[in-house]
*Asks:* 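Structure in structure tokens, see below.
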Amino acid sequence: MDTSSITDAASAPTRAPAGHSVRVGIAGASGSAGQELLRWLAGHPRVRITAAMSSSPDGSARTLPALARIWDGVIEPFSAKKLADQSDVVFLALPEEAAAAIAPSLVGRGIRVIDLSGAFRLRDAAAREKWYPATKLGSLKPVYGLTERNYAEIGAAQLITNPGCYPTAALLALEPLAEAGLLTGDVVIDAKSGISGAGKKPSDRTHFSENHGSVSAYGVFGHRHQPEIEQELGAPVTFVPHLVPLDRGILETIYARVRPGTTLREVTNAMEAAYEKAPFVRLTGETLPEIKHAAYTNFCDIGWRVDTAGGRILLVAVLDNLVKGAAGQAIQNMNVMLGYDERTGLLPV
């Protein structure tokens, strides 16, 4: 992707004045996450969508029939210069290599960037070279955008790396327990995702006749979200993702060991303390949540059961992979970044 037309003239980070709208550009707006961004941002009271582009400079402008009367704009071919010139905040819903190429130039112009790809998620240089070899950090300092856990850092960030959909569910469920010192021993994450989690580009695995009526494990000991979860949790995990025949949604059943004698009340206290002021985390306690409860929303629902005698805990975390796992969390991060109420455009405020 050519980014040479972007001038690297640094400026102060964007912070929209009260009552004013911020100019927002989306690169990769025709993909699954990009279209979800358009759907939600079109109703955001503090946003003006000034650039909506595909991930390629080739082709012609196109409309999105599914968004008629929600957003009646046109998806233009990608132009790095127009994206930079027309935006205060840019969402990158691009492949990792393209995001890695364009983000530094955008940040250099003082544009605040929220990257939905994995390009900037891993802090360890060796891990990043293995999983995202196109990424060169240079002077960039990405902030990991798990909103509920990194709120203060997000507010001051110039570049936010939006978490993966699987890690969002896993980390929201596990981090409060790790922080409280309740976890000990192995953690196993059995994760299931709808087909949209595999992206819009078709493949043998996502073909209807291959996926319908079946469930399959993939990426065992070789999925890029495992090092992301381990990085943030600070502990090794066994992560096994599965593809299920649903349009959207993630359900993770998490098995872990807890400190001897740990009670249901201790777990509940840790979770409630962590998310007392988190509008998008719904704690269901011993009532285990289901995908349909969180689909089409920016909520992550978390429930748990504790076996005190056996020193075990089972957690179930569900979310919509295209909303809380992608576009919704990205908008939540933008709200925090710009000093808006984090619910703006996502919940009634």
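Position 1 is the first residue of the sequence; numbering continues from there. Values below: all heavy atoms of this structure, side chains included; hydrogens, waters and symmetry mates excluded.
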*Asks:* If two hydrophobic side chains count as joined below 4.5 Å and joins carry through other members, does Val143 share a cluster with Leu122?
*Replies:*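 Per the 4.5 Å side-chain linkage, Val143 and Leu122 are not co-clustered.
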*Asks:* Are any side-chain N or O atoms of Arg305 and backbone N or O atoms of Glu286, one a donor and one an acceptor, separated by less than 3.5 Å?
*Replies:* yes
*Asks:* For residues Gln226 and Tyr166, is any side-chain donor paired with an opposing acceptor at under 3.5 Å?
*Replies:* no
*Asks:* When clusters are formed by joining ILVMFWY residues with side-chain heavy atoms under 4.5 Å apart, either directly or through shared neighbours, do Val237 and Phe221 land in the same one?
*Replies:* no
*Asks:* Could you check whether Glu96 pairs with Arg224 (Lys NZ or Arg NE/NH1/NH2 to Asp/Glu carboxylate O, under 4.0 Å)?
*Replies:* yes
*Asks:* For the salt bridge (charged side-chain N to carboxylate O under 4.0 Å, His left out) test, which of Lys324, Arg282, Lys292 pairs with Asp301?
*Replies:*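 Going through the options one by one, the only one that passes is Arg282.
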*Asks:* Within the distance-only criterion (no hydrogens, no angle test), does the side chain of Gln231 pair as donor or acceptor with the backbone N or O of Arg121 below 3.5 angstrom?
*Replies:* yes
*Asks:* Run the side chain to side chain donor-acceptor pair (under 3.5 Å) test against Lys82 and tell me which residues pass, sequence neighbours left out.
*Replies:* Glu76
*Asks:* Which residues pass the side chain to side chain donor-acceptor pair (under 3.5 Å) test with Thr135, sequence neighbours left out?
*Replies:*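 Once residues adjacent in sequence are excluded, Thr135 has no partner under the side chain to side chain donor-acceptor pair (under 3.5 Å) criterion.
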*Asks:* Distance only, no hydrogens: is a donor on one side chain within 3.5 Å (strictly under) of an acceptor on the other, for Asn333 and Asn162?
*Replies:* yes
*Asks:* Would the distance check show the side chain of Glu228 and the main-chain N or O of Gly164 forming a donor-acceptor pair, the cut-off being under 3.5 Å?
*Replies:*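 Answer holds: yes.
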*Asks:* Do the side chain of Asn335 and the main chain of Thr344 share a donor and acceptor less than 3.5 angstrom apart?
*Replies:*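 Between the backbone of Thr344 and the side chain of Asn335 there is a qualifying donor-acceptor contact (under 3.5 Å).
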*Asks:* Ion pair present between Arg109 and Asp85, side-chain N to carboxylate O less than 4.0 angstrom?
*Replies:* yes
*Asks:* Hey, do the aromatic rings of Phe239 and His223 have their centres closer than 6.0 Å?
*Replies:*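 Aromatic pair counts; centres sit under 6.0 Å.
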